[in-house]
2 protein chains.
Amino acid sequence: MTDRTSATSAGANGGRRSLGAARGGSRAARQPLERPAPLRQAVYDVIAEMIINRELQPGEHLVENELAAHLGVSRQPVREALQRLHNEGWVDLRPALGAFVHVPTEEEADQLLATRTLLETESARLAAKHATPEQVERLRELQRAGEQALSEDSQVALVEANAALHAYMVEMSGNKVLAQLIAMVDRRVRWYYSPIARSRGREAWDEHAALIDVIAGGNSRRAGEIMRKHTERTRESYHQRRKEGGGQDAAS
Amino acid sequence: MTDRTSATSAGANGGRRSLGAARGGSRAARQPLERPAPLRQAVYDVIAEMIINRELQPGEHLVENELAAHLGVSRQPVREALQRLHNEGWVDLRPALGAFVHVPTEEEADQLLATRTLLETESARLAAKHATPEQVERLRELQRAGEQALSEDSQVALVEANAALHAYMVEMSGNKVLAQLIAMVDRRVRWYYSPIARSRGREAWDEHAALIDVIAGGNSRRAGEIMRKHTERTRESYHQRRKEGGGQDAAS
DNA sequence: ACCTTGGCTATAGCATACAGTCGCCGAGAT
DNA sequence: ATCTCGGCGACTGTATGCTATAGCCAAGGT
């Protein structure tokens with residue numbers, strides 16, 4: 001009982017941690033277009049990030065009170081954020097027990113990768129189908145960003161550039177439904193294999209370059225093929241590393 | 001306001017209040033295996049159903065208080081149900097304004113159908129790849145159920161049988177991630193075009209029969225092809241009917 | 001020594017209370 | 001007559017209080 005009291009009192013807007021502070025200043029702004037951006041969104045972002053970079057480990061019990069106290073908000077936004085994380089497969093919600101960080105299984109990882117291949121392949125095909133010169137130029141920009149990260153040997157930048165490139169290609173596809181699905185799947189894929197795959201680096205970005213060329217040429221069939229191979233190789237690399245003992249991560 | 005009230009009260013059909021009552025008596029039960037099955041789940045089911053069968057119309061403002069009152073629960077489970085409905089694309093959540101039943105656009109419908117084709121095609125391919133005789137037998141059972149519905153000219157049964165057949169095929173694919181995506185997409189697809197498509201009936205079920213034969217033979221490539229054509233035809237039928245004036249539904 | 005059982009604690013689930021915000025409408029000014 | 005501004009109602013977003021349950025531990029029985 002005492003702990004809960006302390007937890008809530010800490011959260012009782014007396015010490016809004018980063019979350020409240022970031023919003024407090026917007027008081028002056030009066031534009032009708034500006035959306036308040038609910039707390040639960042911020043809470044969701046923070047928790048999701050904590051899960052992704054392993055601050056919260058798979059299987060870990062996410063106690064609403066603790067999270068609320070930690071973030072300086074009440075349980076309510078935390079609950080709603082957890083719900084959303086559940087819908088998107090990040091946490092398991094066991095009735096009357098609460099939320100637990102999802103524990104990835106080998107099977108699931110494989111299925112995710114397979115599904116990703118399917119979706120990304122289609123995305124590439126569509127992107128090639130109606131690519132405009134401006135879009136291609138944008139792709140090349142992103143490609144250069146990747147090369148840069150590669151030369152600087154910055155893993156973080158590399159992962160980011162990779163995500164950006166794929167994301168933009170999806171956007172180019174013009175299919176928002178597809179984009180939504182890919183967003184979900186991709187994020188989880190990255191979570192699964194990011195700690196293992198030191199990124200195929202050079203190789204992967206060469207493939208990207210080739211892919212962009214094909215897209216520029218508008219050859220949708222070939223674009224799809226290249227993307228399939230590209231993601232398949234990532235998948236293979238994933239399996240290989242797992243066998244080699246990168247298994248610190250996934251599954252039991 | 002009055003019109004909406006009448007709509008919802010009509011939908012609540014009086015008996016819906018049982019949500020709370022059905023659980024009240026569980027006090028005596030002591031089995032550890034018995035899952036409490038949270039209220040929000042029930043609430044979600046009810047609201048989703050109301051949306052699907054048009055008791056709640058596209059664009060309609062879903063006021064938390066009213067839903068809560070009609071269902072006999074507090075706002076809390078309603079909120080959480082709405083969150084989930086939002087993630088799955090059924091309702092739009094406008095900050096500080098609330099939840100609105102999603103308004104389908106023509107573009108979106110098309111993208112949904114295209115995505116469905118992609119996913120279902122893959123599902124069929126995988127199903128064919130490792131189909132067991134038992135599974136094939138089950139498929140034929142479902143097929144017979146469809147034929148039955150067809151001969152009885154029962155639209156409801158037909159839609160149900162159709163859903164069951166596709167769902168089982170997805171299950172056969174063995175890819176749970178894929179299954180999850182298809183479940184989401186399919187449900188929305190059905191929502192979009194159900195009021196228009198009087199189901200292609202005979203024709204569609206003939207295609208099903210052919211598909212099952214191919215799956216039984218384990219020809220995955222061909223299974224995928226057939227499924228693609230199958231769903232593409234549905235798509236065409238959708239567009240055709242829209243142009244003919246079935247546009248009472250989608251978009252503005 | 002092992003199993004059973006009853007109470008205890010921590011925590012989720014639900015309900016209720018409070019506060020801030022958006023949009024509307026009418027009154028007053030130009 | 002039109003435009004602006006201030007009050008008002010409604011509803012969401014957030015906080016907090018309450019209750020029931022799951023899991024644990026210890027005490028007692030077999």
Side-chain angles (χ1 to χ4, degrees), chain A residues 1-16 19-20 23-24 26-44 60-69 71-86 91-100, chain B residues 1-2 4-5 19-44 60-69 71-84 86 91-100:
Chain A
M1 190 180 184
T2 39
D3 49 338
R4 176 153 65 63
T5 309
S6 66
T8 47
S9 69
N13 114 34
R16 278 277 162 82
L19 292 186
R23 298 156 40 81
S26 67
R27 183 72 170 69
R30 258 330 195 127
Q31 318 211 347
L33 287 175
E34 182 176 341
R35 295 299 182 185
L39 267 191
R40 59 165 184 271
Q41 175 65 37
V43 172
Y44 167 88
E60 189 166 338
H61 186 182
L62 302 179
V63 178
E64 294 177 358
N65 273 326
E66 292 180 7
L67 289 171
L71 297 172
V73 298
S74 79
R75 283 175 51 208
Q76 184 75 8
V78 173
R79 276 184 70 80
E80 298 185 358
L82 289 176
Q83 296 281 336
R84 182 168 162 201
L85 288 164
H86 169 62
V91 312
D92 299 324
L93 236 45
R94 299 170 52 189
L97 287 186
F100 299 79
Chain B
M1 187 184 186
T2 38
R4 177 156 58 60
T5 307
L19 286 187
R23 298 156 41 78
S26 67
R27 180 71 171 70
R30 260 325 199 128
Q31 314 211 349
L33 287 175
E34 182 177 340
R35 296 295 183 183
L39 268 190
R40 58 169 182 269
Q41 176 65 40
V43 172
Y44 168 86
E60 189 167 338
H61 187 183
L62 302 179
V63 178
E64 295 175 358
N65 268 325
E66 294 186 4
L67 289 172
L71 296 172
V73 298
S74 79
R75 279 177 56 206
Q76 182 77 8
V78 173
R79 277 183 71 81
E80 297 182 359
L82 289 176
Q83 297 276 339
R84 183 169 160 200
H86 170 62
V91 312
D92 299 325
L93 235 47
R94 298 169 54 187
L97 289 185
F100 299 79

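Labels below follow one simple rule: chain letters A, B, ... track the order of the sequence lines, proteins then strands, and each chain is numbered from 1.
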In whole angstroms, the gap separating P of D/dA10 from CG of B/Asn65 amounts to 11 Å

_Strictly below 4.0 Å: does A/His61 bring a side-chain N or O up to OP1 or OP2 of C/dA12?_
yes

Across the strands shown, which category fits A/Leu82 at heavy-atom distances under 4.0 angstrom: base, sugar-phosphate, nothing? nothing

Atom CZ of B/Arg40 and atom C1' of C/dA12 are separated, to the nearest Å, by 9 Å

Whole-Å distance, B/Glu80 CD to D/dT12 P, equals 15 Å

A/Leu93 CG to C/dG13 C1', in whole Å, measures 11 Å

The side chain to side chain contact (heavy atoms under 4.5 Å, CB included) partner of A/Tyr44 among A/Leu82, A/Leu39, A/Leu85, A/Val78 is A/Leu85

Whole-Å distance, B/Leu67 CG to D/dT12 C1', equals 13 Å

From CZ of B/Arg94 across to P of D/dC11 the rounded distance in Å is 15 Å

(Q) For a quick check under 3.5 Å, do B/Gln83 and A/Gln83 share a side-chain donor-acceptor pair by atom type? (A) no

B/Gln41 meets the side chain to side chain donor-acceptor pair (under 3.5 Å) criterion, sequence neighbours left out, with B/Asp45, B/Arg84

Taken to the nearest whole Å, CD/A/Glu64 to P/C/dG13 is 6 Å

One should read off an interatomic distance between B/Leu93 CG and B/Leu62 CG, to the nearest 0.5 angstrom, of 9.5 Å

A/Arg79 CZ to C/dT11 P, in whole Å, measures 14 Å

Nucleotide N/O of nucleotides 15-18 of chain C paired with protein N/O under 3.5 Å:
{"residue": "C/dA15", "atom": "OP2", "partner": "B/Ser74", "partner atom": "N", "Å": "2.8"}
{"residue": "C/dA15", "atom": "OP2", "partner": "B/Ser74", "partner atom": "OG", "Å": "2.8"}

One should read off an interatomic distance between A/Gln76 CD and A/Glu64 CD, to the nearest 0.5 angstrom, of 9.0 Å

ring-ring contact (aromatic ring centres under 6.0 Å, His included) filter on A/His61, not counting sequence neighbours, yields A/Phe100

